Amino acid sequence: MIIGDIADGLTRGVETTINTVSEAFFEPVLRLGVTGLSRAGKTVFITSLVANLINRGRMPALRAAAEGRIRTAWLQPQPDDTVPRFDYETHLAAMTGAEPVWPESTRGISELRLSFRVQPTGLLAGVTGPKTLHLDIVDYPGEWLLDLGLLDKGYDDWSAEVLKRIEPRPEAAAFRETLAATDPAARLDEPDAKALAQAFTGYLQAARVSGYSDCTPGRFLLPGDMAGSPVLTFAPLPPASHPRGSLGREFARRFEAYKREIVRPFFRDHFARIDRQIVLVDVLGAIHSGPKAVEDLRQAMADILGAFRPGRNAFLTQLLLGKRVEKILFAATKADHLHNAQHAQLTAITEALLAEAKTRADFAGAQTAAMSIAALRATTEDRVEQGGRTLDVVRGTLMDGKRAAFYPGRLPEDPSRLLNPARQGADKWLDADYEVMSFAPQPVTLKPGDGPPHIRLDRAAEFLIGDRLR
Ligand code: GDP
């Protein structure tokens with residue numbers, strides 16, 4: 001074991017003790033992690049969840065809310081001084097009101113504290129007064145979890161894997177060209193290093209747009225305040241032994257620095273402290289992009305969720321010291337693109353897509369569930385007759401302001417009809433095409449006591465935090 005691991009473990013141990021002591025004597029804190037790949041819907045989810053927990057008129061499936069036991073819920077200054085606060089007010093103002101727009105997406109980690117005064121149930125209900133629960137919501141990119149896989153790898157292994165994977169991809173053409181013109185054994189020249197790193201980042205961005213999910217190192221896509229620093233200025237090179245002072249040697253060193261300075265601190269300071277987790281997945285978006293994107297999403301999710309099975313990784317095992325995430329919810333987002341007649345199919349596909357990853361998490365003792373949700377409902381449901389058939393459609397306003405009725409295609413009852421061709425590397429779906437439209441948020445006038453319209457956000461909240469509001 002390396003010294004860093006021991007030190008990480010000790011810090012974590014002290015922290016656990018402090019938390020336990022403070023929870024016993026003071027007010028309990030529950031940390032809810034919200035993650036998912038970029039554009040999965042994290043920002044919209046947190047904003048709408050918080051708004052709907054403060055104004056609970058649309059939360060009938062959250063039992064404590066339905067039973068009227070939540071006296072009040074309010075935002076507090078968040079406790080972690082070095083983590084940016086989730087910009088709830090700006091995001092909510094964007095999403096609601098007369099001319100709503102989608103808020104700006106997650107770019108890094110942020111946090112928000114929502115506190116509840118709750119009347120307890122059970123034996124003590126009549127005796128004790130209301131109790132307080134602090135819910136710390138931590139928003140972080142799913143791409144950062146993919147980086148866990150890097151900890152077990154040396155630079156050469158990582159490079160070989162990446163270069164093999166991107167070989168057939170047109171998105172990597174420019175990077176391959178820059179790489180071919182580079183001599184890794186030559187003396188390090190910073191402009192060359194930068195050009196190569198930029199070409200690689202360009203590839204990652206293009207791959208992400210094309211629907212690929214295996215886009216590590218995660219910080220290359222979402223660098224935050226690390227942009228341009230040497231730990232983010234490297235790229236994979238064909239494995240070879242390079243002389244001291246060469247580009248190849250320096251890239252190998254920077255790869256190690258990336259793991260030490262970026263990946264490990266994130267897991268130690270943030271990930272290891274999470275109690276409950278929601279993983280948002282844009283399953284519909286991947287289905288729309290085609291079988292390759294679905295297979296890629298399946299693999300990326302298996303990697304992401306590997307982080308919830310600590311036994312797999314020595315560093316994490318040491319860090320967590322037996323602590324585990326108690327509940328994990330996998331949520332297929334943007335379900336308002338589908339009429340509710342098809343939500344069961346979407347959930348079944350999500351479950352099947354995550355089957356492997358889910359078993360791993362179950363194995364770690366976490367309680368898991370899958371659900372189809374829309375954090376902000378942008379459509380209404382309707383039925384239209386077309387060519388003698390009745391279609392279940394949704395209606396909404398497109399981003400260009402036009403109103404449209406939309407039928408995305410019929411999802412199969414049996415998820416393997418999608419997942420098998422995806423695993424077998426099919427180029428396109430055989431029986432059908434699946435469309436996705438970008439709807440703008442609907443203008444809403446919220447009644448006092450109501451949060452923004454959603455689908456199953458209340459059920460998601462009941463699963464994630466309901467037991468702590470009893
Ligand atoms: P993040 O990158 O995970 O923070 O993703 P965002 O929360 O910014 O969401 C990305 C985009 O997905 C948004 O700009 C919306 O276009 C879309 N989106 C997210 N949630 C919903 C939803 O509940 N319904 C619909 N129709 N679109 C959504």
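Order of listing sets the numbers, starting from 1, for every ligand and every atom in it. This is a predicted model, so every value here is computed, not measured.
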So which heavy atom in the protein is nearest atom 18 (N) of ligand 1, and how far is it from that ligand atom? Lys334 CE, 3.7 Å
Numbering the atoms of ligand 1 from 1, which are under 4.0 Å from a heavy atom of Thr43? 4 (O), 7 (O), 8 (O)
Part of His337 with heavy atoms under 4.0 Å of ligand 1, whether side chain, backbone, both or neither: side chain
Does either side chain, that of Ser110 or that of Arg85, offer a donor lying less than 3.5 Å from an acceptor on the other one? no
Looking only at the side chains, is there a donor atom on one of Tyr203 and Arg169 sitting less than 3.5 Å from an acceptor on the other? yes
Nearest protein heavy atom with distance in Å, relative to atom 8 (O) of ligand 1: Ser105 OG, 2.6 Å
Among Asp139, Asp269, Asp80, which residue meets the salt bridge (Lys or Arg N to Asp or Glu O under 4.0 Å) test with Arg31? Asp80
Identity and distance of the protein heavy atom lying nearest atom 2 (O) of ligand 1: Arg39 N, 2.7 Å
Under a 4.0 angstrom heavy-atom cut-off, which atoms of ligand 1 come close to Ala40? 3 (O), 5 (O)
Is it the case that ligand 1 has an N or O less than 3.5 angstrom from some N or O of Ala374? no
Please indicate whether any nitrogen or oxygen in Pro103 is less than 3.5 Å from any nitrogen or oxygen in ligand 1. no
Would you check whether Ser38 has a nitrogen or oxygen atom less than 3.5 angstrom from a nitrogen or oxygen atom of ligand 1? no
Please tell me whether Ser105 and Thr43 have a donor and an acceptor in their side chains that are separated by less than 3.5 angstrom. no
Is the shortest N/O to N/O distance between Gly41 and ligand 1 below 3.5 Å? yes
Atom CD of residue position Gln386 - does it have more than 12 heavy atoms of other residues, nucleotides or ligands inside 6.0 Å? no
Shortest protein contact, atom 26 (N) of ligand 1 (heavy atom only): Asp336 OD2, 2.9 Å
Which residue and atom name correspond to the protein heavy atom nearest atom 22 (C) of ligand 1, and how close is it? Leu376 O, 3.4 Å
Parallel, tilted or perpendicular for Phe267 and Phe315, by the 30°/60° rule? perpendicular
min-distance protein heavy atom vs atom 14 (O) of ligand 1 -> Trp102 CB, 3.3 Å
Please test Glu381 against Asn340 for side chain to side chain donor-acceptor pair (under 3.5 Å), starting from the C-alpha separation and ending with a verdict. CA-CA 8 Å; Glu381 296 182 339; Asn340 78 59; 2.8 Å; yes
Quick one: does Phe439 get an N or O within less than 3.5 Å of an N or O on ligand 1? no
Ring of Phe463, cation from Lys327 - is the NZ or CZ under 6.0 Å from the centre and inside 45° of the axis? yes
Would you say Asp282 and Thr333 are linked by a side-chain donor-acceptor pair, where the criterion is simply a distance under 3.5 Å? no
